[in-house]
Amino acid sequence: MDRAIVVGGGLAGVRAVEALRAQGYAGALTLVSAERHRPYDRPPLSKAVLAGDTDDTTVDADWDALRCDLLLGERATGLRPATPGGGGVVTSTAGDLPFDGLVIATGAAPITLPGDGRQRVLRTIEDARDLRAALTEGARIVIVGAGWIGAEVATAAARKGCAVTVVEAADTPLANAVGPEVGALTAPWYAEAGVELRTGVKVASVEDGGLTLAGAPGGGRIEADEVVVGVGVRPVLDWLDGSGLLLERGVVTDASFRVLTQDGDPRPDIVAVGDCAAWWSRRYGRRLLVEHWDTALNAPETAAATLLGGSAVYDAVPYFWSEQFGRMVQYAGVHAASERIVHRGDPADAKWAVAWLTGDRLDAILTVHRPRDLVQARRVIAAGTPVDPALLADPDVPVRQAVRA
């Protein structure tokens with residue numbers, strides 16, 4: 001491999017560049033990024049940046065030592081893979097870029113709602129800075145979506161003295177992320193923070209000065225100075241139309257991040273990683289699309305090894321954290337197929353956790369102010385060792401001691 005291109009300037013992109021060099025790749029290397037900034041971390045945007053604690057989350061990378069050409073503010077517009085022998089051309093606003101090794105790391109873009117009114121999203125550093133300026137005392141801030149991002153924005157807005165309303169289509173916060181039973185346990189946090197939470201409410205459109213609601217008699221409306229939409233993201237895939245690659249909710253890959261063609265064949269010269277990659281997990285026996293920082297940080301090492309001819313497989317236990325309403329919330333695992341929930345502590349207390357089990361196997365855990373539980377549970381999930389559900393339910397018993405001999 002003599003010419004490698006990384007398309008995408010987020011964390012997954014810069015980590016792919018670093019991993020290629022660390023693993024011995026010495027050829028030409030180019031990173032194409034639609035953003036004009038050098039790669040930066042996104043999690044602090046809804047936390048430290050909105051809070052005003054920082055203005056810069058740039059990833060600390062030595063670009064001179066990495067010997068990487070940065071094409072910032074340039075966008076990939078198409079992909080012409082060559083014959084099955086490998087290689088191809090990325091078409092871009094900077095011109096045609098031939099490659100014999102390609103990393104697709106174009107991430108995801110926020111979903112927006114119908115309507116002609118201004119709606120803010122939170123994905124870029126500019127989004128965060130602009131929203132922060134709008135969070136002034138007394139401002140009416142309406143947030144659509146009570147997921148991770150919605151809760152974090154509500155936290156920042158409430159702390160700045162805004163009048164905050166959160167509108168959620170589901171019956172509980174975090175219903176899509178952790179299910180309605182567990183999501184309901186977080187609902188009291190909103191009232192404690194002085195935030196109005198309205199669940200089971202769907203938005204018809206964003207209009208000037210607020211929202212029009214769907215299903216309300218006569219058409220309900222919520223007035224707002226600012227509307228922030230946090231209803232999820234979609235992988236950025238439009239530039240891959242006509243490429244012959246398999247695209248299903250993301251760029252479909254095998255367990256080593258090799259991209260699959262529409263015929264189901266892997267392309268050893270093309271890998272995908274980060275928020276746009278739908279990768280096969282041997283651990284869970286299904287395809288995962290994990291839009292979280294931990295995967296973007298760690299998965300590129302496997303993707304780079306694959307591109308350089310290795311046989312590494314990525315099968316880490318997914319992990320995510322959120323800071324909302326003065327609480328550190330952490331989650332590890334995948335619970336979609338779990339059989340039951342075990343409560344570990346009282347959700348009315350400051351510290352508690354919830355675990356998902358199938359039989360005596362721990363599938364996932366959510367912790368609130370219990371970081372040691374999270375660390376130990378993640379190791380148990382990774383090892384696949386059985387646990388005693390009764391011991392796991394006792395918050396005074398360390399998770400590692402709930403493992404069955």
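Values reported hereafter were calculated over all heavy atoms of this structure, with side chains retained and with hydrogens, waters and symmetry mates removed.
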Separation between CH2 (Trp356) and CD (Glu181), nearest 0.5 Å, reads 9.0 Å

Listed by chain and number, what are the side chain to side chain contact (heavy atoms under 4.5 Å, CB included) partners of Thr165, not counting sequence neighbours?
Val142, Val167, Glu196, Arg198

Do Arg258 side-chain atoms and Pro268 backbone N/O form a donor-acceptor pair below 3.5 Å?
no

If the condition is side chain to side chain contact (heavy atoms under 4.5 Å, CB included), which residues does Gln324 pass it with, not counting sequence neighbours?
Trp148, Ala151, Thr155, Trp189, Ser322, Val329

Quick one: side chain to side chain donor-acceptor pair (under 3.5 Å) partners of Arg118, sequence neighbours excluded?
Glu226

Take Leu260 and Arg267 through the test side-chain contact (heavy atoms from CB on, under 4.5 Å) and record every step on the way to the result.
CA-CA 6 Å; Leu260 304 185; Arg267 291 283 311 223; over 6 Å; no

Can we say Arg159 and Glu323 salt-bridge, meaning some charged N sits less than 4.0 Å from an Asp/Glu carboxylate O?
no

Applying side chain to side chain contact (heavy atoms under 4.5 Å, CB included), name anything that partners Pro180, two or more places apart in sequence or on another chain.
Thr172

Quick one: side-chain hydrogen bond (donor to acceptor under 3.5 Å, both in side chains) pairs with a partner in residues 378-401, sequence neighbours left out?
Asp294-Arg378

Applying side chain to side chain contact (heavy atoms under 4.5 Å, CB included), name anything that partners Asp127, two or more places apart in sequence or on another chain.
Val121, Leu122, Arg123, Thr124

Taking the side chain as C-beta and beyond, is there a heavy-atom pair between Val227 and Val144 under 4.5 Å?
yes

side-chain hydrogen bond (donor to acceptor under 3.5 Å, both in side chains) contacts touching residues 5-24 (sequence neighbours left out):
Arg15-Glu18

With sequence neighbours left out, which residue pairs that include part of residues 72-81 fulfil the salt bridge (Lys or Arg N to Asp or Glu O under 4.0 Å) condition?
Arg80-Asp96

Output every pair passing side-chain hydrogen bond (donor to acceptor under 3.5 Å, both in side chains) with a member in residues 132-147, not counting sequence neighbours, ordered by first then second residue.
Asp55-Arg132, Arg140-Asp225

Applying salt bridge (Lys or Arg N to Asp or Glu O under 4.0 Å), name anything that partners Arg249, two or more places apart in sequence or on another chain.
none

Please evaluate residues Val195 and Phe325 with respect to the criterion side-chain contact (heavy atoms from CB on, under 4.5 Å), reporting the C-alpha separation (whole Å), side-chain torsions for both, the decisive distance (0.1 Å), and the verdict.
CA-CA 10 Å; Val195 173; Phe325 307 114; 4.2 Å; yes

Under 3.5 Å, which donor-acceptor pairs do the side chains of residues 286-293 form with other protein atoms, sequence neighbours left out?
from: Arg287; atom 1: NH1; to: Thr253; atom 2: O; distance (Å): 2.5
from: Trp293; atom 1: NE1; to: Asp41; atom 2: OD1; distance (Å): 3.0

Does anything in residues 327-338 form a side-chain hydrogen bond (donor to acceptor under 3.5 Å, both in side chains)? List the pairs, not counting sequence neighbours.
Glu192-Arg327, Tyr319-Gln330, Tyr331-His335, Ser338-Asp363

Given the rule in the side-chain contact (heavy atoms from CB on, under 4.5 Å) test, do Thr91 and Leu79 qualify, once you have shown the distances and angles that lead to the verdict?
CA-CA 6 Å; Thr91 61; Leu79 173 62; over 6 Å; no

